[in-house]
Amino acid sequence: MSALGGGGGALRNASTALAISSTESFAGTPSCHTKRVRRPPGSFYWLHAVTPAPPLDTTTLKQLVFVSDYAESMIPPEIGPQKSSSQSPRSPSGAPFLSISVTDPVKLGNGVQAYISYRVITKTNLPEFQGPEKIVIRRYSDFVWLHDKLADKYKGIFIPPLPEKSAVEKFRFSAEFIEMRRQALDIFVNRIASHPELKQSEDLKTFLEEDEEAMERIRSFETGIFKKPADLLQMFKDVQTKVTDVVLGKEKPVEETDPEYEKLKHYIFGLEDHLTETQKQAVRLVKRHRELGQSLSEFGKAIKLLGACEGDSLGKVFAELGSKSELLSIKLQKEAHNLLMNFEEPLKDYVRCVQSIKDSFSHRANAFRLHCELTETTKLKEINLEKLNLMRSDKTREAEIEYRELKAESEEATRRFETIIKRMNEEIVRFQEQKTAEMGLAFHLFAKGQAKLANDIADAWRNVLTKIEAYSLSSGHD
Amino acid sequence: MMGPEIASGFDSPPEREEMESLALSDASASAYRSAMSSIPASISASSDGDPLLAPPPTLHFPISSSASGHGGNPATSTASSFLDPPSYADVVFSPFDSHNGHGGCGSGADNGSLLRSDSSPRSARAAKSDYIKISVSNPHKEQETANSLVPGGGTYFTYLITTRMRAGFAANGDGESEPVEFGVRRRFRDVVTLSDRLAEAYRGFFIPPRPDKSVVESQVLQKNEFVEQRRSALEKYLWRLAEHPVIGKSDEFRVFLQAKGKLPLPTTTDVASRMLDGAVRLPKQLFGEGAAAQVVPQEVVQPAKGGRDLLRIFKELKQAVTNEWGGVKPLLVEEDKEFLEKKEKMQDLEQQLSSASQQAEVLVNAQQSIGETMGEIGLAFIKLTKFETEEAVYSSQRIRAADTKNVATAAVKASRLYRELNAQTVKHLDTLHEHLGLMLAVNSAFSERTSALLTVQTLMSDLATLNTRVDKLEAASSKIFGGDRSRLHKIEELRETIRVTEDAKGCAIREYERIKENNRNELNRLDQERKDDFLSMLKGFVINQVAYSEKLANVWATVAEDTSNYVRGNS
């Protein structure tokens, strides 16, 4: 962490408003600094610099500001670039930050080979990075590489989840899918960049800074030569363990029986079920909004035609109702999109996060098994060594070396297992806090969107109502 | 088995049927309950009745289902309710358009239960008609006494038709000051008879179409929904007849509503059409068809025209073919330009009405679905809240559970509002369906006109033929000095026929003119009524949309406000 203090000078170059918001307004909780920067084509993105938040209590949690991109369409303009540029001079060398944005998805290649590439822009003042700004081109599989590397190296940490591969080929290049994936990838890298441990990963640096060819080389090098054999070896080992288990009569693999851990597992599995159900309903709600929009527009058209039959001024009232229906149809479609991006997607992300926690369960189980086995074997070796010592055998020296090696290995396994436990205990707190904030925002955007939609509907119809009343008066009806 | 359901169904107002289909299904209702009642009581926030659990039964949960579905244990649901009860006033049903001048015609007098007191546009005319109340109730299964081919299959239902008329409008017209009430039992067949009789007697009028006979009647007749569906359809039909300025006052209709015992209406022919039939029958007798016996009034329902006068039908068919294919200009053609234009306009209107009513149905379904899905989201969040609360270890989880609870409550409220809005939307957009139904009446009135014209045309071409024959005979007989006795006799005969046919033609033309007049008056009346109805429909639709949308906006705005602290840069 000490490295984070320096590098202030880098920011001065980045005077284009990258920046750091002052944190005073958050009751001194320096949890996060974010700024929005408007880019010329009109798309904008977030810059964030995050320091680990201190443990939060109930009251400060409500003030937690978190890093995510869900809200990009919902942000009020007053915290736009003007404000950030006016604030940045106040903290020219301010706190260390690392902010990444995934932008400009471009379709490359053709047919089956086609893929989407993204521009990954890194802005930082951290000294271990090459410079204040770096832009690389990455594709989805590069993100997968980063994810897998981290998952392999940081067992016990809940690695931020990646968006799924598109299940349906048809939607793979739809604008909506691309945008959703871009958003999800942006969240993915920023979560890594804001994670106290993950952000120091060499792999992240590689991912953010290596040029495309180097990236390609590294990936093929690893997958080609090292990764697969290692995997095979692991698989072989796993099978071996299982076989030994069966042979030795240990039908069930050793499992932790810590009641607290049991509870956590129970919680996570239950949570996954509930969230999956909720997310399913959210998908349907999006669909329903679209359908209502669709039918409202058709209804509007039919009403207009019907009004044309009536001719006179009543026909005009019909026409008014018809055009308002069509207008509202557009609003409903927009709200459907808003729901998809700001409500359904966060719920889906929630499910993914829970699944990533489940991944760490299996890492933990493996580590636990290894720890148990090695402890046991070490014990056996120790007994054996004592025996040999008593017998003053020639093999004593050899056995002792073997025992020491094994003991070291066992201790290493135990240490690794304990690291996982420690990490998971920290991670679960992080997870809960982060999700409370993220869901809070998702709820907010959901409610806000619904309220806006309802208000728009009310306004539009109120407008028609005045026309109807005017007609009633003019035609002598009450 | 069917007792209680039916009983509760028949005490309901006419729009009950729509409401029932809109209500939460039994299953989801109990799903809500089970989810809510199993939430720990320790965090119970409410002390009094929870509207989420016990919504107004007349509106959303059929009484029968809430009583039977929940084992009659309201104590548990109220005691252990978890969510803050949304303020009852927020969600409680209130029609937003009751102030539009038509609502509640005399509803205060009778608790509104059996009155057509909703604020649908038609009630405006209901208020003007002689009838205060028409209700169809109390279906009773009866055994067919004769003609049952299938043993045990010969059952039918009779319905109790209760009518209350405005003072001084009763059939006897003896000027009573109190409203008069009648109660008769009728079966569907009687309604068919009534509608056939009306069709005959009021040619050229737009007679509201009667409910369809069910094709698969015998198979579904036992089913309660079928009986209830038919009951409410009959009630609606009778109301429409009552609201018609001419039909509502007709003897046929009054007899149907008031005569005790068996329906005394004969199944065919009445004064008006007898005149024409008689006239048409006369030449037929002369053609040697023999005296046409009055068709025996049978209990059997038969199409008004089928089999009554085969010869006439053939002749008119021939005339129609001649008109169409012969290229011969008939002696009398439809010349009323205004009418022809109007007819075309009505055809266009029918088409647009049909598509609008179709789209209205799609819209209503979509609105219903969004309400249901909103409810399911709410339910999912309620479950999630419960789960998080039970499993909570960290304070962040409790905060999240509280937020989730807020959203769940809002979603359930929104779902309710959507459903109520939809019930109102259905009620108002039903005007489209109703007018589409009326187009059927318009079409049949127009075809009455066409067929009357055809009768005139047939008689005219008959006359022409007869005249030609007389001319020929005269020419032939004039060649023979002193005349040909038999020819002269024949000429006399033909002259007699011509005279009778002339009479018939006169009758037919008068009938045709009468129908034309009726058509014209009815078109004007319908145009006015449709304008009124459409205006009320638009108003009702829009008012409810505004009011419910405002409520929805409030519900969500509260949640948005409560969660605004999660927004970045919120200072």
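- A donor atom on one side chain and an acceptor atom on the other are found under 3.5 Å apart for A:Y267 and B:E388.
- Contact count against chain A (heavy-atom pairs under 4.5 Å) is highest for B:Q352 among B:Q352, B:R398, B:E561.
- Interface summary for chain B: among A:A447, A:A302, A:S325, the most heavy-atom pairs under 4.5 angstrom belong to A:A447.
- Comparing B:L349, B:D527, B:T558 by heavy-atom pairs within less than 4.5 Å of chain A, the highest count is held by B:L349.
- Residue contact with chain B, scored on non-hydrogen atoms closer than 4.5 Å, involves the backbone and the side chain of A:L285 alike.
- Heavy atoms of B:V542 lying under 4.5 Å from chain A belong to its backbone as well as its side chain.
- Between the side chains of B:E391 and A:H266, at least one donor N or O lies within less than 3.5 Å of an accepting N or O.
- When each of A:A282, A:G293, A:S295, A:G300 is checked for heavy-atom pairs under 4.5 Å with chain B, A:S295 comes out on top.
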Decide side chain to side chain contact (heavy atoms under 4.5 Å, CB included) for B:T563 and A:L441; before the verdict, give the C-alpha distance in whole Å, the side-chain angles of both, and the deciding distance to 0.1 Å. CA-CA 7 Å; B:T563 49; A:L441 181 71; over 6 Å; no
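- The environment of NZ in A:K265 is crowded: more than 12 heavy-atom neighbours from other residues, nucleotides or ligands sit within 6.0 Å.
- Top candidate by heavy-atom pairs under 4.5 Å with chain B, chosen from A:N455, A:L264, A:L465, A:I457, is A:L465.
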Give the C-alpha distance, both sets of side-chain angles, the deciding distance and a yes or no for side chain to side chain contact (heavy atoms under 4.5 Å, CB included) between B:N406 and A:F443. CA-CA 9 Å; B:N406 280 340; A:F443 289 154; over 6 Å; no
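- In this structure, the side chains of A:L453 and B:W556 stay at 4.5 Å or more apart for every pair of heavy atoms.
- Residue with the most contacts toward chain A among B:L429, B:L552, B:T404: B:T404 (heavy-atom pairs, distance under 4.5 Å).
- Using a 4.5 Å cut-off between heavy atoms, A:L314 touches chain B through its side chain atoms alone.
- When B:A401, B:A411, B:A557, B:A356 are compared by the number of non-hydrogen pairs under 4.5 Å with chain A, B:A356 comes out ahead.
- Across every non-hydrogen atom of B:I370 and A:R288, the tightest pair is CG1-CB, 3.8 Å.
- Neither the backbone nor the side chain of B:S357 comes within contact range of chain A; no heavy atoms are under 4.5 Å apart.
- Among A:E310, A:M439, A:E277, A:E291, the residue with the largest count of heavy-atom pairs under 4.5 Å with chain B is A:E310.
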Could you walk me through whether A:Q432 and B:R400 pass the side chain to side chain contact (heavy atoms under 4.5 Å, CB included) test, one step at a time? CA-CA 9 Å; A:Q432 296 291 11; B:R400 192 165 67 235; 2.6 Å; yes
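- Interface remark: A:L271 contributes backbone and side-chain atoms alike to the contact with chain B (heavy atom separation under 4.5 Å).
- Ion pairing between A:R462 and B:E550 holds under the 4.0 Å rule for side-chain N and carboxylate O.
- The structure places CD of A:E298 at 5.0 Å from CD of B:Q359, a figure rounded to the nearest 0.5 Å.
- In this structure, B:Y566 has its ring center at least 6.0 angstrom away from the ring center of A:H444.
- Both the backbone and the side chain of B:A360 have a heavy atom closer than 4.5 Å to some heavy atom of chain A.
- Nearest approach of A:T278 to B:A380, heavy atoms of both residues: OG1-CB, 3.7 Å.
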Derivation of the side chain to side chain contact (heavy atoms under 4.5 Å, CB included) call for B:L538 and A:Y471: CA-CA 11 Å; B:L538 294 182; A:Y471 170 79; over 6 Å; no
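- To the nearest 0.5 Å, the span separating CD1 on A:I428 from CD on B:Q397 amounts to 7.5 Å.
- With rounding to the nearest 0.5 Å, the separation of CG in B:L363 from CD in A:Q294 is 11.5 Å.
- In this structure, the separation between OG on B:S549 and CG on A:D459 is 9.5 Å, given to the nearest 0.5 Å.
- If you measure heavy-atom distances from A:K263 to chain B, the contacts under 4.5 Å come from both the backbone and the side chain.
- Ring geometry for A:F299 versus B:F541: interplanar angle of 30 to 60°, hence tilted.
- Atom NZ of B:K342 has more than 12 neighbouring heavy atoms from other residues, nucleotides or ligands inside a 6.0 Å radius.
- Side-chain contact between A:Q450 and B:M374 is present, with heavy atoms from C-beta onward closer than 4.5 Å.
- More than 12 heavy atoms of other shown residues, nucleotides or ligands fall within 6.0 angstrom of atom CD in A:E262.
- Distance NZ/A:K301 to OG/B:S355: 11.5 Å, rounded to 0.5 Å.
- Between the side chain of A:T436 and the backbone N or O of B:S396 there is at least one donor-acceptor pair closer than 3.5 Å.
- With rounding to the nearest 0.5 angstrom, the CG atom of A:L292 is 11.0 Å from the OG1 atom of B:T373.
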